[in-house]
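Side-chain atoms are counted along with the backbone in the values below, which use heavy atoms only and exclude waters and symmetry mates.
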Amino acid sequence: LDIRLVDLLAFFHRFVAEYPFKNFELFQLFSLILQYKAIAQAMGGKVEKVGWNLSHEIVRVKKEFKEKYSFPVEEYGILCVHQDQVTQVPPNFKVWSENDFCVNQGLLHDDETIFTIQAHPEFSPQVLHDLLLNKKGAIPEDKLKVALDTLENKPNNSLEVASWIMDHFFKAEKDEK
């Protein structure tokens with residue numbers, strides 16, 4: 001492992017073990033992609049390289065999660081770029097979203113303080129298009145072509161998901177103002 005990743009894993013393990021989460025309500029640590037995998041690995045999960053996941057993914061939200069946290073949709077289209085994913089959920093975490101390619105797409109700690117997602121709600125299709133073109137040569141040409149050709153063909157709920165995250169993750173800050 002790259003020394004920076006080792007340091008990141010150690011930081012997350014120390015942060016989760018020592019941080020006084022009990023002073024907060026919900027979702028006090030939010031992570032996307034790399035941090036999602038680093039948190040899972042630091043907390044006892046397993047991360048493996050499984051092959052490229054590019055472009056849109058249609059993701060299913062677990063019914064219990066949708067109902068408890070008022071998630072806006074039962075499934076959503078979101079933009080993804082990754083080769084690695086969490087293949088074994090760490091202890092004290094549950095899966096809140098999944099799809100056929102990534103069955104542990106979103107994780108939530110049992111005490112509701114850590115919320116992770118293996119996707120990019122901050123990306124627009126144009127941003128992902130430009131990123132993929134920038135990765136030409138690093139991504140197999142056939143996978144790159146399919147990703148670019150299908151970028152606009154699936155629903156994209158990235159803004160809806162990002163808005164929900166902002167509303168829930170930063171809830172305590174908004175309530176104080």
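No side-chain donor-acceptor contact under 3.5 Å links W52 to the backbone of L144. Here the side chain of H120 pairs no donor or acceptor atom with the backbone of E122 at under 3.5 angstrom. A donor-acceptor pair under 3.5 Å is absent between the side-chain atoms of N156 and the main chain of I78, judged by distance alone. In terms of modelled atom types and a separation under 3.5 Å, the side chain of N157 and the main chain of G77 share a donor-acceptor contact.
The minimum heavy-atom distance linking L132 with A147 is given by the pair CD1-CB, 3.8 Å. In plain terms, the two heavy atoms of N99 and E57 that are nearest each other are ND2-OE1, 3.1 Å. Scanning both residues, D84 and H82, for their nearest heavy atoms gives O-ND1, 3.0 Å. Heavy-atom minimum distance, P121 versus I165: CG-CD1, 4.1 Å. The minimum heavy-atom distance linking Q118 with C80 is given by the pair O-SG, 3.9 Å.
The aromatic rings of F65 and F115 sit parallel to each other, their planes meeting at less than 30°, with 60° as the upper class boundary.
With a 6.0 Å radius and a threshold of 12 heavy atoms from other residues, nucleotides or ligands, E74 has its CD atom at or below the threshold. A 6.0 Å sphere centred on CD1 of I58 holds more than 12 heavy atoms belonging to other residues, nucleotides or ligands. Atom CG of D100 has 12 or fewer heavy atoms from other residues, nucleotides or ligands within 6.0 Å. More than 12 heavy atoms of other residues, nucleotides or ligands lie within 6.0 Å of NZ in K66, so this atom counts as buried by the packing criterion.
Between V73 and E160 there is a side-chain heavy-atom pair separated by less than 4.5 Å. No side-chain heavy atom of Q83 sits less than 4.5 Å from a side-chain heavy atom of N53. Looking at Q85 and F101, their side chains come closer than 4.5 Å, going by heavy atoms from C-beta outward.
Cluster annotation: V86 and V103 are assigned to distinct hydrophobic clusters (Ile/Leu/Val/Met/Phe/Trp/Tyr, side-chain heavy-atom contacts under 4.5 Å, transitive). F123 and I139 end up in the same hydrophobic cluster when Ile, Leu, Val, Met, Phe, Trp and Tyr side chains are linked at under 4.5 Å. Taken together through direct or relayed side-chain contacts under 4.5 Å among Ile, Leu, Val, Met, Phe, Trp and Tyr, W164 and L108 form part of one hydrophobic cluster. The same ILVMFWY cluster, assembled from side-chain heavy atoms under 4.5 Å apart, contains both L54 and L131. Tracing side-chain contacts under 4.5 Å through hydrophobic residues (I, L, V, M, F, W, Y), one reaches V161 starting from Y69; they form part of the same cluster.
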With side-chain contact (heavy atoms from CB on, under 4.5 Å) as the criterion, how do V61 and E75 come out once you've worked through the C-alpha distance, each side chain's angles and the decisive distance to 0.1 Å? CA-CA 6 Å; V61 177; E75 65 178 34; 5.9 Å; no
Residue pair K62, E98: steps toward the salt bridge (Lys or Arg N to Asp or Glu O under 4.0 Å) verdict: CA-CA 8 Å; K62 300 277 185 166; E98 65 187 358; 3.5 Å; yes
Could you pull out every donor-acceptor pair under 3.5 Å between side chains of residues 88-97 and any protein atom, sequence neighbours left out?
unit_1: W96; atom_1: NE1; unit_2: T116; atom_2: O; d: 3.0
unit_1: S97; atom_1: OG; unit_2: Q105; atom_2: OE1; d: 3.0
unit_1: S97; atom_1: OG; unit_2: G106; atom_2: N; d: 3.1

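Between K135 and D130 no salt bridge is recorded (no basic side-chain N to carboxylate O distance below 4.0 Å).
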